[in-house]
Amino acid sequence: MTDLIGRAELGEMFAQAAACIRREHQHLTALDSIGGDGDHGTTMLRAAEQMERGIEESSTASLTDLLKSVGWKVLGVDGGASSALFGTFFAGMGDVQLFSQDAMNCHDLGRAFQAGLRAMSRQTKAGPGDKTMMDALVPAVTAVTAAANAGKSISDALDDAALAAQLGAESTKDLVARHGRARSLGERTRGYPDAGSTSVALLFRGFSAGLRREL
Amino acid sequence: MTDLIGRAELGEMFAQAAACIRREHQHLTALDSIGGDGDHGTTMLRAAEQMERGIEESSTASLTDLLKSVGWKVLGVDGGASSALFGTFFAGMGDVQLFSQDAMNCHDLGRAFQAGLRAMSRQTKAGPGDKTMMDALVPAVTAVTAAANAGKSISDALDDAALAAQLGAESTKDLVARHGRARSLGERTRGYPDAGSTSVALLFRGFSAGLRREL
Amino acid sequence: MRMKKFINEPTNLVGELLEGMVLAFPDKVQLSGRNIVARAWPKESGKVRLVTLGGSGHEPGLSGFVGEGMLDYSVAGGIFAAPGAPRCLEGIRSACAEGASALLIVLNHAGDVLSGNIAMEMALREGLKIKMIITHEDIAGGPNLEDRRGLVGFFPVYKVAGAAAEQGASLDACLEIAERMERNMRSLAVAVNTATHPSTGQPIFELGDDEMEIGMGQHGEAGTGRMKLKSADETAEIMLNMLLSDLQVATGEEILVLINGAGATTLMELLIVFRRVAQVLTAKKIKLIRSAVGEFITTQEQAGFQMLIARMDPELIELWDAPADAPFFVKR
Amino acid sequence: MRMKKFINEPTNLVGELLEGMVLAFPDKVQLSGRNIVARAWPKESGKVRLVTLGGSGHEPGLSGFVGEGMLDYSVAGGIFAAPGAPRCLEGIRSACAEGASALLIVLNHAGDVLSGNIAMEMALREGLKIKMIITHEDIAGGPNLEDRRGLVGFFPVYKVAGAAAEQGASLDACLEIAERMERNMRSLAVAVNTATHPSTGQPIFELGDDEMEIGMGQHGEAGTGRMKLKSADETAEIMLNMLLSDLQVATGEEILVLINGAGATTLMELLIVFRRVAQVLTAKKIKLIRSAVGEFITTQEQAGFQMLIARMDPELIELWDAPADAPFFVKR
Ligand SMILES: Nc1ncnc2c1ncn2[C@@H]1O[C@H](COP(=O)(O)OP(=O)(O)O)[C@@H](O)[C@H]1O
Ligand SMILES: Nc1ncnc2c1ncn2[C@@H]1O[C@H](COP(=O)(O)OP(=O)(O)O)[C@@H](O)[C@H]1O
Ligand SMILES: [Mg+2]
Ligand SMILES: [Mg+2]
Ligand SMILES: [Mg+2]
Ligand SMILES: [Mg+2]
């Protein structure tokens, strides 16, 4: 049971998230080819690279600076909607106010994720039901907050979040795209999960794996 | 046996020549596709059209004006080397000096063909052996002159010419192109007859058929 | 089948093509930072700068239009990929150096707009004098303006706003001109053959041997008008009528028409299409006041074209006619 | 597979495309006789006229270069087919009207040269003041000058002779400039994918999936350099070295480089190729004094490009830099 995570744990969370994305990038591209322009896997690969770089280069930074650095690196990817949004999410997490600069508890992590979502909401009007990454991201973040309120450990919270993200991603199969490139396809997008939401599920699977590993 | 031909006979010669070309234009294109740019059939089709027009529009002209008119029409085709050369040949035939403006004998026809060749020689340096239309045209014209000297009838002279053209065209199979577009291919052109020389054979086959028909 | 493109390492495409551009047009453009194209001779101080951003692989768009009377900076992204916000911010900072003011022109594609918005947020926080306009004139997106993508419409906007800036107009005046142009234009694309993605070697989309698709986006994003191949005249009429009706052009009005080749569609075809457009306009008593035919933004060797119409007023016409001197667009 | 081109009746291609061109550029060009393109505003009397002739389907070449500082008349032939001599004569007569003198520029292709020669003979018989130059700079033809075809080399010749004519040079002076340019340039083409013949719908030539051919002519005439596909850098080096050696360019000399896209090869690729050319020249200490990259003469949607180099002297450079204003080439 973990109640606090520090630089090392946060680093391992991002490292595992990057690894999950690396393994699945071809699948992500395939999904984006159905309704989008087929570049999501490539963009996410580059984003994964930058996540690793961001951790590496801020090994002595405060936790919020580490998050901002990862976010800024991901924002720097020449990609598309997804790198800009994930970059915004990570950088936004760094806006959270922490009591300590070296450790965060489950509540802190929940608040950081909430701050990330808030930063995103300035950039996109999409919300759950629009067949975007939000369908996975919002339930994942909510799950962490709920777990914190229920007094769960961080690693249990991240397990809950990974499951919620997974379910959220799967739920997009039955939706029709209303944002992003896929929106022009309308009905044709039904039957396949949204690429970006699948990335969110991979990300949270990696976060949870990263923490279990550390323990 | 014919010793004199007039407007009607000359007209029928060109009409049949045009008909022969029409029938074979796809074959001409196929031959030009091997070493050239594959447009010879199309150009010869247009030339055939203009030969017919030229005759039609000069039904009351002198024989030399009729030849010039046919030549000018063929020159007017947007084609390639072949329409320019055949046009020059026909127009050049019209430069011959005739005793009568309404009829020509076998000698006259031989001299007209010679005049056509002379006009061509100002436009091309190609001669027999260069794998061009000259390989069929020169022997055909020579055959008419020889037949005239031997006292043959015009229709026999044209039969001889058709045969000579045919043999000339076939002889190009073993040659390597040195003029026209095919020259850049060199050795690759061996084994196929030259497109333009095949057209000459068709032309003279038509000339001879046109005269036989009239009789 | 191997990709038949003259390239080297697929990962170096953008850097190499931009290097080629500045080497080929050293009197017009130079590199300024990673994959940012700037004028060889910066504009006089006091004049508004024009900045744009967008993916690469669409040459001559967008960087080919950096030059006198048009753009000052172009932030080039990856192949079909928006540049990240940090480099966009870098471009804006260069444009706004020494207190200059600048206008950012962004084509409505999710990634481009996100990068533009994020960079704008930061730039404004830094106190830079920058405003932004988004072009979204592709009527295939439906009635909702923010669902309409930006196709070749960037070109008239660069042209008229660039001319205004060159003439010394204020940032607000430049923005007003750009917005007026934007509001009064409509575009639509048609595709018949896919391109090969130069990084992956894969076809960008699939289309039947006898099919075309009206409304396809700049990157093979599916449109809604998949149909049997039509003749040049029929295609021109279908598209023109859709555009005229969307822009609600009335008899007697004056419009500009631009035909943009997608890559492999020949100039011969573009001119044949244009001919029909001009004929139909004459029949409808709509005045063809200005025109442009050529390749302004391509998608590699995709076959198809974009048609753009714009309602012009005397000021827009005067700015359209003003001189320009970019690598891939010159006006005397 | 159906031909995926936006056309109408294949027999009307040339007429329709030229109509499109004059409708799109009414301030620059007009039709003068059947398929003859002339300037919208004829040159002042007393100045030498430039006339050209050649097949169509190669747009923007050749008629797209009629305009101030370049051509006065372009006699357009059929698709890939030379115009007949009578229409060439008509073009020459227009150019030489009212005692004007004119220079006829012909690309070395059998049909074009024949039509040019026949028309010249008649024109001279009529007493018209006309001289002719044939461009044959394609080194793929071998050592024999008359076996060398005219590729994109017409473009620098139009440009410098057109500028000289515009400046009031005499016919002999214009001819001398044209000949000097011609003598000092060399070109070479490479092809990787065939085009569809727009009249027949057939591919123009066949090439293996992993093959390219150096030395291919403007209409798919086979060259002698069929080889496995190479990278942009390798291809650029092979071709540049062949050209430099044929023109015998020495260290320290100043050359112009022009890269011409065949149709489907993207501007991205042309710029990447150009980059390598510039790098190699720098390494060889040869000065790249002027350059041009784009589509000047195409063969429908053929993939490949032409590379041209030319040794420049101060006068040629000055004429190259002079203003021009044609539909598809503008210089300020
Ligand atoms: N406006 C948006 N709001 C939220 N998510 C979006 C938006 N646009 C796109 N996305 C997400 O991004 C994913 C596509 O990412 P990607 O393919 O990398 O970018 P692009 O669409 O620019 O090519 C979509 O599957 C969707 O989940
Ligand atoms: N210089 C020349 N002299 C004589 N005949 C020629 C010459 N050039 C081409 N030809 C003939 O023309 C034929 C090709 O004609 P065609 O295909 O119609 O013209 P193009 O070669 O211009 O496409 C060749 O097969 C050859 O017989
Ligand atoms: Mg995508
Ligand atoms: Mg994308
Ligand atoms: Mg031919
Ligand atoms: Mg030909």
Side-chain angles (χ1 to χ4, degrees), chain C residues 1-2 4-8 13 16-21 23-25 56-57 59-60 64 190 192-193 198 209-210 212 229 231-233 235-236 259 263-276 278-279 288 291-295 298 300-301 303 305 323 325 327-328 330-332, chain D residues 1-2 4-8 13 16-21 23-25 56-57 59-60 64 190 192-193 198 209-210 212 229 231-233 235-236 259 263-276 278-279 288 291-295 298 300-301 303 305 323 325 327-328 330-332:
Chain C
M1 157 136 193
R2 259 188 72 179
K4 289 200 140 181
K5 284 190 196 286
F6 294 102
I7 57 174
N8 302 304
L13 288 166
E16 289 183 0
L17 89 87
L18 294 179
E19 245 183 76
M21 194 185 289
L23 285 165
F25 300 92
S56 297
E59 291 63 38
V190 61
V192 288
N193 263 332
D209 270 7
D210 57 348
M212 63 184 210
L229 274 179
S231 73
D233 283 1
T235 311
I259 307 289
T265 291
T266 62
L267 187 51
M268 173 188 84
E269 294 161 78
L270 303 182
L271 291 167
I272 291 174
V273 165
F274 182 86
R275 165 183 170 274
R276 187 65 194 149
Q279 287 176 342
L288 176 64
S291 50
V293 181
E295 288 179 354
T298 63
Q300 297 293 307
E301 78 287 8
F305 64 88
D325 205 0
F328 292 97
V330 181
K331 195 147 210 159
R332 284 183 70 199
Chain D
M1 158 133 193
R2 258 188 74 177
K4 289 200 139 180
K5 283 189 196 289
F6 293 102
I7 58 175
N8 301 304
L13 288 167
E16 289 182 2
L17 89 87
L18 294 179
E19 244 182 78
M21 195 184 292
L23 285 165
F25 300 92
S56 297
E59 291 61 40
V190 60
V192 288
N193 263 331
D209 269 7
D210 57 349
M212 65 182 210
L229 274 180
S231 73
D233 283 1
T235 310
I259 307 288
T265 291
T266 61
L267 187 52
M268 172 189 85
E269 294 162 79
L270 303 181
L271 292 167
I272 291 174
V273 165
F274 181 86
R275 165 183 171 275
R276 187 65 193 149
Q279 287 176 340
L288 175 65
S291 51
V293 181
E295 288 180 353
T298 62
Q300 296 294 307
E301 78 287 8
F305 64 87
D325 205 359
F328 292 97
V330 181
K331 196 147 209 158
R332 283 182 70 198

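As a basis for the values below, the full set of heavy atoms in this structure was taken, side chains included, without hydrogen atoms, waters or symmetry mates. Each chain gets a letter, A, B and so on, in the order the sequences are listed, and its residues count up from 1.
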- Side chain, backbone, both or neither: which part of Ser231(D) has an atom under 4.5 Å from a heavy atom of chain C?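 When you check distances to chain C, atoms from both the backbone and side chain of Ser231(D) fall under 4.5 Å.
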Among [options], which residue has the highest count of heavy-atom pairs closer than 4.5 Å to chain C?
options                                    : result
Leu288(D), Val330(D), Thr266(D), Asp325(D) : Val330(D)
Val273(D), Thr298(D), Leu13(D), Leu18(D)   : Leu13(D)
Leu229(D), Val293(D), Asp210(D)            : Leu229(D)

Exercise: identify the closest heavy-atom pair between [X] and [Y]:
X         : Y         : answer
Ala264(C) : Ala264(D) : CB-CB, 4.3 Å
Ser291(D) : Leu23(C)  : OG-O, 4.2 Å
Ile7(D)   : Ile272(C) : CG2-CD1, 4.4 Å
Glu269(C) : Phe6(D)   : OE1-N, 2.8 Å

- Message: Tell me whether Asn8(C) contacts the main-chain N or O of Asp233(D) through its side chain, where contact means a donor paired with an acceptor under 3.5 Å.
- Response: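 Looks like yes, one N/O pair under 3.5 Å.
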- Item | Lys4(C) side chain vs Val192(D) backbone, donor-acceptor pair below 3.5 Å |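 Answer holds: yes.
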Top of [options] for chain D proximity - count of heavy-atom pairs under 4.5 angstrom:
options                                 : answer
Ile259(C), Leu270(C), Leu267(C)         : Leu267(C)
Glu59(C), Lys5(C), Met268(C), Glu295(C) : Met268(C)
Ala24(C), Ser56(C), Pro198(C)           : Ala24(C)

- Distance in Å, Glu301(D) CD paired with Thr265(C) OG1, rounded so as to fall on 0.5 Å steps: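 Going from the CD atom of Glu301(D) to the OG1 atom of Thr265(C) covers 8.5 Å.
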- Task: For Phe274(C), enumerate each residue passing the ring-ring contact (aromatic ring centres under 6.0 Å, His included) test, keeping only those at least two apart in sequence or located in another chain.
- Result: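 Phe274(C): no ring-ring contact (aromatic ring centres under 6.0 Å, His included) contacts found.
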- Item | Set of residues satisfying side chain to side chain donor-acceptor pair (under 3.5 Å) with respect to Arg275(D), sequence neighbours excluded |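 So Arg275(D) forms a side chain to side chain donor-acceptor pair (under 3.5 Å) with Glu19(C).
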